[in-house]
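These numbers were taken from a predicted model, which means no experiment stands behind them. Only heavy atoms go into these numbers, but all of them, side chains included; no hydrogens, no water, no symmetry mates.
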Amino acid sequence: MSDNSSNTDYIPLSACQIAILERQGCSCGDWTQVKVSAQTDLSKINRVNFAGEILIGNNVVLSDIGLLEAQSFSDCGIGTEVSVLDETGSRAIRIYPGISAQLALIAARCPEWSLGTAKHILDSHIIKFVSPPAIGDGAVVRNCGIIRDINIGSGCVIEGAQYLNNGTIINNSIQPAALTHIGFGVNAENFIIEDAAVESGTLLRNCYVGQGCVLDKGFTAHDSLFFANCMMENGEACALFAGPYTVSMHKSSLLIGCQTSFMNAGSGTNQSNHMYKLGPKHWGILERGVKTSSDSYIMFGAKIGAFSLLMGQHKTHPDSSEFPFSYLFGDDRGATVVVPAAMLRSCGLMRDEKKWPLRDLRLNRVRHLNDRIIYDVLNPLTVETMLKALDVIQQLLTHPADDDRYLRYKGMKLTRASIERARYLYELAIYKYLHIHLAENDDIHNNTDIKPVEWLDIAGLLVSRNTLQEIMAMESIDAMEQAFDLAFKNYDTDQRKWIASRFTGKWHKHPEEIANYANEFDRMIEEDRNKSLEDIAIQNEMLRLL
């Protein structure tokens with residue numbers, strides 16, 4: 001175990017120094033393997049059992065450690081394979097410091113790229129981060145059990161961890177606003193924790209925990225990735241790709257074999273990726289903003305559209321991605337009944353858009369943000385999906401309903417009344433989107449010479465398909481990450497170009513007419529807000545003591 005300070009000269013302990021450490025409760029089978037710098041403050045090292053070759057620099061606090069052990073050939077978790085999405089390992093991602101949600105997602109969703117054409121690029125990038133176990137300047141490690149083959153960055157605080165094996169703990173914070181903290185009872189193996197808090201009995205195996213994340217209260221995870229500002233407590237994750245702002249706070253909640261972002265899991269949320277035929281090969285996608293109600297269940301594979309609410313039991317592998325902002329009910333046979341666009345009437349939708357940036361724990365606390373995040377609820381991708389949904393609705397309305405009065409589409413059941421209502425709601429939302437950007441630019445200048453680009457949501461970042469293909473063709477990971485940064489920077493400009501190329505015909509109305517539609521959308525949201533406040537007032541009156 002070495003200090004990762006640079007330009008430090010280490011000398012063997014003197015007999016006097018050994019005596020000081022032994023009086024402070026420290027022990028070692030061979031003190032000749034322990035070396036210190038001239039600045040090392042031995043008074044900060046108490047009740048530590050050393051083993052192996054040790055280099056101790058300055059400003060490190062070590063106290064009450066059961067076993068602090070390292071092997072010089074350890075990779076400290078760098079390059080650990082995480083079998084995300086498909087538990088069988090066909091989409092394994094190798095983790096390293098600074099891995100972004102964007103790079104990780106294309107590696108998971110395009111295994112032929114990450115395990116094939118880009119393998120040598122990833123190999124050469126990952127090897128740069130491999131270093132032996134170390135404890136950095138200003139680190140604090142106390143009241144811990146076993147710490148083996150761990151690289152602890154400068155300024156990291158580890159207090160009361162039970163077992164840490166083969167991992168890297170990184171602190172990129174701007175002092176004194178540190179983010180990295182490992183707390184009581186944490187048990188972790190084969191991991192990287194970067195600018196995150198892992199607390200209170202959390203158990204991790206083969207995991208990456210990214211910037212601003214908080215894992216707490218006995219949360220358990222294996223083969224999972226957690227990116228910016230995920231909040232996970234009490235429950236369990238297996239093969240989970242938790243994109244930015246994935247939240248699960250309740251016991252008996254299992255997120256397994258799926259991709260999420262801006263998600264909120266209700267208590268007792270459950271998912272299946274195993275049908276007892278070919279093993280746990282099934283997986284699914286919950287597009288950005290999906291919420292699950294208490295005791296909801298979904299059998300993967302399935303794909304749930306953006307900003308939808310999932311309730312009940314779903315066993316027919318639905319694909320609702322063409323109907324964002326929907327309610328999905330599971331009936332008594334596990335079939336999925338969809339009410340398209342119903343979430344657009346909810347005042348909570350716009351509330352979420354405003355609260356996410358305010359809850360970004362990374363801001364003003366780390367030197368570099370690994371993950372790029374576009375918070376817009378109404379964005380080119382959700383709007384394009386609504387435009388296409390209008391075409392699907394038009395086609396469905398030409399078909400007769402089945403004997404049970406439902407129309408069926410991609411594993412879903414829909415009523416004629418619900419999709420007629422959805423057509424109106426989708427149109428209102430599209431005009432609201434146009435009004436937002438008209439307000440910014442006075443008018444939409446159509447450019448029919450440009451073909452509208454296809455947008456993709458890459459773990460919180462919205463980019464065009466062409467941009468993503470260009471990024472995947474680059475010959476270094478650093479170049480790819482810089483290109484993601486540029487795409488994030490150019491989002492507003494690219495969005496305006498898309499609007500100019502996409503909205504022609506019926507959508508190109510006078511700004512005042514578009515404003516009227518937008519006002520009707522706002523009125524609908526305000527009506528829902530007022531109704532919700534009235535309901536709360538009635539409930540509070542019912543529960544009032546005096």
Exercise. Are any side-chain N or O atoms of His317 and backbone N or O atoms of Gly301, one a donor and one an acceptor, separated by less than 3.5 Å?
Worked result: yes
Exercise. Parallel, tilted or perpendicular for Tyr491 and Trp455, by the 30°/60° rule?
Worked result: perpendicular
For this session: Check whether any side-chain heavy atom of Ile78 lies under 4.5 Å from a side-chain heavy atom of Ile95, and answer yes or no.
Result: no
For this session: Evaluate the ring planes of Tyr245 and Tyr375, with Trp represented by its six-membered ring, and classify them as parallel (under 30°), tilted (30 to 60°) or perpendicular (over 60°).
Result: perpendicular
Exercise. Is Arg333 paired with Asp331 through a side-chain N to carboxylate O contact shorter than 4.0 Å?
Worked result: no
For this session: Assess whether side-chain hydrogen bond (donor to acceptor under 3.5 Å, both in side chains) is satisfied between Asp371 and Gln102, documenting all intermediate values.
Result: CA-CA 7 Å; Asp371 304 332; Gln102 285 72 48; 5.5 Å; no
For this session: Take Leu240 and Thr260 through the test side-chain contact (heavy atoms from CB on, under 4.5 Å) and record every step on the way to the result.
Result: CA-CA 8 Å; Leu240 172 67; Thr260 64; 4.2 Å; yes
Exercise. Do Leu344 and Leu428 touch side chain to side chain, with heavy atoms closer than 4.5 Å?
Worked result: no
For this session: For residues His399 and Leu407, report the shortest heavy-atom separation together with the two atoms involved.
Result: O-CD2, 3.5 Å
Exercise. Taking the six-membered ring where the residue is Trp, are the ring centres of Tyr433 and His437 under 6.0 Å apart?
Worked result: yes
For this session: Please answer whether the main-chain N or O of Gly268 pairs with a side-chain N or O of Ser253 as donor and acceptor at a distance below 3.5 Å.
Result: yes
Problem set entry | From CA spacing to verdict: side-chain hydrogen bond (donor to acceptor under 3.5 Å, both in side chains), Asn172, Arg365 | CA-CA 8 Å; Asn172 296 309; Arg365 299 181 72 178; over 6 Å; no
For this session: Please check if the side chain of Arg94 supplies one atom and the backbone of Ile126 the other of a donor-acceptor pair under 3.5 Å.
Result: no
For this session: Could you check if a side-chain atom of Leu363 sits within less than 4.5 angstrom of a side-chain atom of Asp360, using non-hydrogen atoms only?
Result: yes
Exercise. So, do Phe241 and Phe227 have ring centers that fall under 6.0 Å from each other?
Worked result: yes
Problem set entry | Closest contact, heavy atoms only, Ala341 versus Leu425 | O-CD1, 3.5 Å
